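Working notes, beginning with the structure itself.
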Amino acid sequence: MTPERWRATCDYLGAVFGRFADPLDGQLETLHARAVSAGLPDIAVSADVGRLLMLLVSMSGSDGGGARRAVELGTLGGYSALWIARGLAPGGRLMTVEPEELHAQFAQREFERAGMTDRVELRRGRGVETLSSFLDEYGEGSFDFVFLDAVKREYSAYAVLAARLLRAGGLLVADNCLGARWWITDAPDPDPSAESDRAAVDAFNRWIGSPSGPFLAACVANREGLVVARRR
Ligand SMILES: C[S@@+](CC[C@H](N)C(=O)[O-])C[C@H]1O[C@@H](n2cnc3c(N)ncnc32)[C@H](O)[C@@H]1O
């Protein structure tokens, strides 16, 4: 596919698969621009990825309905969290983890504006430590859904902890599994930081895609690549 056709395809996906049809759509449509004006980086998922997250969450509960307990690593301005919250079962809860105070404060205001604070709880902290603390707090097999969108170099560490936190049949989803400012199939990147991210995500993909590992996984090749994996 040519780069022009790829860009046009991404625009098409956003236009056709990026809306849901409730009043929250209006808030989500302006969230990216408001977040960037407030000084947050422009690195949130796209609308079509948001809708895919909602759909996956809505079928990841143990009864085939929405998740009852979910966790997201990397809140940023709360965009993906609001999509995830839409897919939860009634009474379900998303814990979203963010260490940057500017991002956390912006996201918390978005959760309040959306009337979602009964469903979304912001945990200030880092991914590895917070997932480890959830093992003590809630126990093994206590989550239905995990979304990874924080530090790419830590994806393998997150996934090992997520394998313990998820119940059998629960879902792990991870963003940027094909690329970000690097691309997975490129030659080694001359920028050591980009190359370190690329190599770390490659190692994560190979681990989670392994036929003998704890997950049954596939990679959806839209945008920057989304791994979707079911805990065996
Ligand atoms: C790609 S952005 C998340 C985008 C968000 N999921 C969305 O689509 O709306 C990554 C976020 O991870 C946060 N972050 C950085 N280090 C982290 C860590 N160790 N644990 C959890 N989050 C981290 C960053 O501050 C940033 O807000």
Side-chain angles (χ1 to χ4, degrees), residues 10 13-14 17-18 20 24-25 27-57 70-87 94-111 113-114 116 120-134 145-162 165 171-182 193-194 196-198 200-201 204 220 222-228:
C10 289
L13 290 173
F17 294 103
F20 182 51
L24 183 55
D25 269 338
Q27 180 179 342
L28 289 171
E29 269 167 22
T30 60
L31 197 152
H32 285 318
R34 288 185 289 103
V36 171
S37 298
L40 276 65
D42 188 10
I43 51 174
V45 299
S46 54
D48 55 301
V49 170
R51 174 124 66 115
L52 179 57
L53 286 170
M54 180 196 70
L55 183 66
L56 293 169
V57 172
V71 56
E72 169 183 65
L73 302 186
T75 314
L76 191 64
Y79 183 82
S80 50
L82 288 170
W83 276 104
I84 290 169
R86 279 174 154 174
L94 167 69
M95 265 77 83
T96 179
V97 180
E98 176 59 56
E100 294 293 333
E101 192 53 32
L102 177 72
H103 303 182
Q105 284 184 11
F106 183 95
Q108 185 61 35
R109 285 195 297 275
E110 293 299 316
F111 302 150
R113 177 173 172 170
M116 291 275 199
V120 184
E121 180 183 332
L122 203 142
R123 299 272 182 129
R124 287 169 167 79
R126 299 190 177 277
V128 170
E129 290 81 355
T130 308
L131 290 184
S132 302
S133 75
F134 285 167
F145 188 88
V146 176
F147 178 49
L148 308 183
D149 198 15
V151 181
K152 309 310 158 196
R153 268 162 266 182
E154 295 181 355
Y155 268 25
S156 293
Y158 300 153
V160 167
L161 289 164
L165 272 178
L171 285 186
L172 178 151
V173 178
D175 194 28
N176 300 108
C177 291
L178 291 180
R181 60 204 162 99
W182 43 271
S193 163
S196 160
D197 281 359
R198 195 195 64 78
V201 172
F204 163 81
V220 183
N222 67 340
R223 304 277 178 172
E224 294 174 328
L226 212 63
V227 157
V228 179

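Predicted model, so just to flag it, every value in this text is computed and none were measured. Nothing fancy with the numbering, it's 1 onward along the sequence. Start at 1 and go down the list; that is how both ligands and their atoms are numbered.
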Protein residues having a heavy atom less than 4.0 Å from any atom of ligand 1: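 Under the 4.0 Å cut-off, ligand 1 touches Ile43, Ala44, Val45, Glu72, Gly74, Thr75, Leu76, Tyr79, Ser80, Val97, Glu98, Pro99, Glu100, His103, Arg126, Gly127, Asp149, Ala150, Val151, Glu154.
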By side chain to side chain donor-acceptor pair (under 3.5 Å) - contacts of Arg109 (at least two apart):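 Partners of Arg109 by the side chain to side chain donor-acceptor pair (under 3.5 Å) criterion come out as none, since no residue qualifies.
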Can you give the donor-acceptor pairs under 3.5 Å from side chains of residues 36-49 to other protein atoms, not counting sequence neighbours?
from, atom 1, to, atom 2, distance (Å)
Ser37, OG, Ala33, O, 3.1
Ser46, OG, Asp48, OD1, 2.9
Ser46, OG, Arg223, NE, 3.2
Asp48, OD1, Arg223, NE, 3.2
Asp48, OD1, Arg223, NH2, 2.8

Is it true that a side-chain atom of [X] and a backbone atom of [Y] form a donor plus acceptor pair closer than 3.5 Å?
X: Glu121; Y: Met95; result: no
X: Tyr79; Y: Leu31; result: no
X: Asn176; Y: Glu224; result: no

Using atom types as modelled, flag every donor-acceptor pair under 3.5 Å from a side chain in residues 50-57 to any protein atom, sequence neighbours excluded.
from, atom 1, to, atom 2, distance (Å)
Arg51, NE, Phe17, O, 3.0
Arg51, NE, Arg19, O, 2.7
Arg51, NH2, Val16, O, 3.2
Arg51, NH2, Arg19, O, 3.1

